[in-house]
Number of protein chains: 2
Amino acid sequence: MSDLLERLRGRGWRMTAQRRVVAEVLDGDHVHLTADEVHARAVARLPEISRATVYNTLGEMVTLGEVLEVATDGRAKRYDPNAHRPHQHLVCGRCGAIRDVHPGGDPLADLPDAERFGFTISNVEVTYRGICPSCATTA
Amino acid sequence: MSDLLERLRGRGWRMTAQRRVVAEVLDGDHVHLTADEVHARAVARLPEISRATVYNTLGEMVTLGEVLEVATDGRAKRYDPNAHRPHQHLVCGRCGAIRDVHPGGDPLADLPDAERFGFTISNVEVTYRGICPSCATTA
DNA sequence: TGCTTGACTTGGACAATGTCCATTATAGGA
DNA sequence: TCCTATAATGGACATTGTCCAAGTCAAGCA
């Protein structure tokens with residue numbers, strides 16, 4: 001059973017076939033699908049599901065705080081179901097592969113007050129960019 | 001005189017009116033314009049300049065390493081001429097304001113080998129998100 | 001179980017951002 | 001000044017995302 005689905009049910013979210021399928025598609029570790037990828041996989045299980053519904057559903061999950069939106073490239077946003085384990089991302093600049101990583105330290109502590117310009121900071125995103133082992137060998 | 005323009009000239013970049021205008025529009029500190037914003041300002045100085053040229057020119061500057069591409073929201077990419085001073089970004093989640101910031105510490109050092117999955121990491125981007133002073137008072 | 005109703009889904013139009021290409025113009029060297 | 005490789009143009013097209021009016025359905029209730 002999908003953890004994400006469990007959490008959504010637990011919140012009294014009205015359940016429909018479409019929402020269930022989207023939650024199932026999105027569940028797991030190191031999952032960072034675009035909306036269109038989610039749609040493609042959802043269609044495989046529920047052929048009538050529409051693109052608009054996938055966008056709506058993903059948007060609601062993000063609003064509920066059960067899914068994170070990540071923008072690692074300038075292209076389509078990706079959706080990360082691992083919203084309850086703080087983590088950062090490691091991205092391959094060649095193939096686009098994304099891994100969740102857990103750095104030590106507190107990046108927020110590294111930003112002195114003088115560099116905060118009066119902002120109230122609520123969150124820090126760190127993206128490590130490089131080349132993955134598989135792309136490194138395929139010179 | 002524009003620092004960015006200087007650097008580009010110094011590289012023997014073929015200079016045209018369009019390229020000069022784009023470089024001038026983009027020069028400065030805390031500048032993070034979208035391609036369309038660059039185009040709008042460029043048109044004010046050189047009415048015939050086309051959108052395609054602005055996109056081409058920005059792309060070349062990025063390739064040359066003289067301008068950075070930053071994607072702080074899921075929308076349009078922004079262009080940052082401050083490519084030779086390592087820095088990170090502080091973003092207001094309400095109004096979208098962006099400031100360059102200079103954290104202490106080395107975020108790369110915080111990522112243990114075991115969390116690198118064999119990647120060769122070349123660069124780390126940190127985005128601090130919060131609310132700017134002006135948005136905080138305009139509750 | 002079978003209504004009722006408000007919330008959900010649908011498909012298609014539209015918007016925003018970005019890319020491509022054939023044609024025309026031009027910077028900079030000979 | 002002339003030539004030529006390189007750049008600019010504009011318009012079509014692609015991708016990603018949003019919106020809306022109409023139809024459909026989940027879930028509470030009799």
Side-chain angles (χ1 to χ4, degrees), chain A residues 5 8-26 32-64 66-80 96 98, chain B residues 5 8-26 32-64 66-80 96 98:
Chain A
L5 198 44
L8 291 166
R9 271 192 216 286
R11 279 163 163 270
W13 205 44
R14 177 166 160 181
M15 194 49 61
T16 66
Q18 291 85 348
R19 290 177 166 192
R20 184 169 12 81
V21 166
V22 170
E24 285 168 0
V25 161
L26 210 53
H32 308 92
L33 299 172
T34 65
D36 265 0
E37 287 165 353
V38 170
H39 181 238
R41 298 188 189 197
V43 162
R45 304 186 186 201
L46 186 67
E48 325 82 77
I49 193 171
S50 74
R51 241 167 41 92
T53 295
V54 170
Y55 276 98
N56 288 342
T57 304
L58 290 171
E60 284 156 21
M61 289 175 179
V62 170
T63 298
L64 289 171
E66 296 295 347
V67 166
L68 297 176
E69 217 169 55
V70 305
T72 53
D73 52 9
R75 317 292 296 275
K77 290 177 201 161
R78 295 181 173 273
Y79 294 88
D80 181 339
I98 305 177
Chain B
L5 197 46
L8 291 166
R9 272 192 215 284
R11 278 164 164 269
W13 204 44
R14 176 166 160 180
M15 194 51 60
T16 66
Q18 292 81 352
R19 288 178 168 193
R20 183 167 17 77
V21 165
V22 170
E24 286 169 359
V25 161
L26 210 54
H32 307 93
L33 299 171
T34 65
D36 265 0
E37 287 165 353
V38 171
H39 181 238
R41 299 188 187 199
V43 162
R45 303 186 186 204
L46 186 67
E48 326 80 77
I49 193 171
S50 74
R51 243 165 41 91
T53 295
V54 170
Y55 276 99
N56 289 343
T57 304
L58 291 171
E60 284 155 22
M61 290 177 183
V62 169
T63 298
L64 289 171
E66 296 294 347
V67 165
L68 297 176
E69 216 170 54
V70 306
T72 53
D73 54 6
R75 318 292 297 274
K77 292 176 200 161
R78 294 179 173 274
Y79 294 87
D80 182 339
I98 305 177

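Lettering of chains follows the sequences in order, A, B, ..., and the numbering in each one begins at 1.
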Report task. Kindly say whether B:Arg14 contributes a backbone atom to a donor-acceptor pair with the side chain of B:Arg19 at under 3.5 angstrom? Result -> yes
Between A:Ala23 and A:Leu5, the two heavy atoms sitting closest are CB-CD1, 3.8 Å
Between A:Tyr79 and A:Thr34, the two heavy atoms sitting closest are CD1-C, 4.5 Å
To the nearest 0.5 Å, atom CZ of A:Arg20 lies from atom CZ of A:Arg9 at 7.0 Å
**Asked** For B:Gln18 and C:dT26, is the shortest distance between a side-chain N/O and OP1 or OP2 below 4.0 Å?
**Response** no
On a heavy-atom basis, the closest approach of B:Lys77 and B:Glu69 is CD-CD, 3.4 Å
In numerical order, the residues of residues 34-46 of chain B whose heavy atoms come under 4.0 Å of DNA chain D are none
With respect to the phosphate group of D:dT9, does any side-chain polar atom (N or O) of B:Thr53 fall under 4.0 Å of OP1 or OP2?
yes
Given 3.5 Å as the limit, does a donor-acceptor pair link the side chain of A:Arg11 with the main chain of A:Leu64, or not? yes
Every protein N/O within reach of nucleotides 19-23 of chain C N/O, cut-off under 3.5 Å:
residue, atom, partner, partner atom, Å
C:dT19, O4, B:Arg51, NH2, 3.4

Judged by nearest nucleotide, the residue sitting upstream toward the 5' end of DNA chain C, A:Thr57 or A:Gly74, is A:Thr57
Of the listed C:dT9, C:dT10, D:dT9, the closest approach to the A:Arg19 side chain comes from C:dT9
Rounded to whole Å, CD of B:Glu69 lies from P of C:dT17 at a distance of 15 Å
note: B:Arg78, atom CZ; C:dG18, atom P; distance rounded to Å ~ 10 Å
Separation between CG (B:Asn56) and CE (B:Met61), nearest 0.5 Å, reads 11.5 Å
One should read off an interatomic distance between A:Arg78 CZ and A:Leu26 CG, to the nearest 0.5 angstrom, of 12.0 Å
Scanning both residues in full, the closest heavy-atom pair of A:Trp13 with A:Thr57 reads CH2-CG2, 3.7 Å
Check your understanding: Hey, is the main chain of B:Ile49 close enough, under 3.5 Å, to the side chain of B:His39 for a donor-acceptor pair?
Key -> yes
Whole-Å distance, B:Ile49 CD1 to D:dG10 P, equals 11 Å
Correct closest heavy-atom pair for A:Arg45 and A:Glu24 would be NH1-OE1, 2.9 Å
All N/O contacts under 3.5 Å from nucleotides 27-30 of chain C to the protein, with atom names and distances to one decimal?
residue, atom, partner, partner atom, Å
C:dA27, O4', B:Arg14, NE, 3.3
C:dA27, O4', B:Arg14, NH2, 3.2
C:dA27, O3', B:Met15, O, 3.1
C:dG28, OP1, B:Met15, N, 3.0

Taken to the nearest whole Å, CD/B:Glu60 to P/D:dT6 is 12 Å
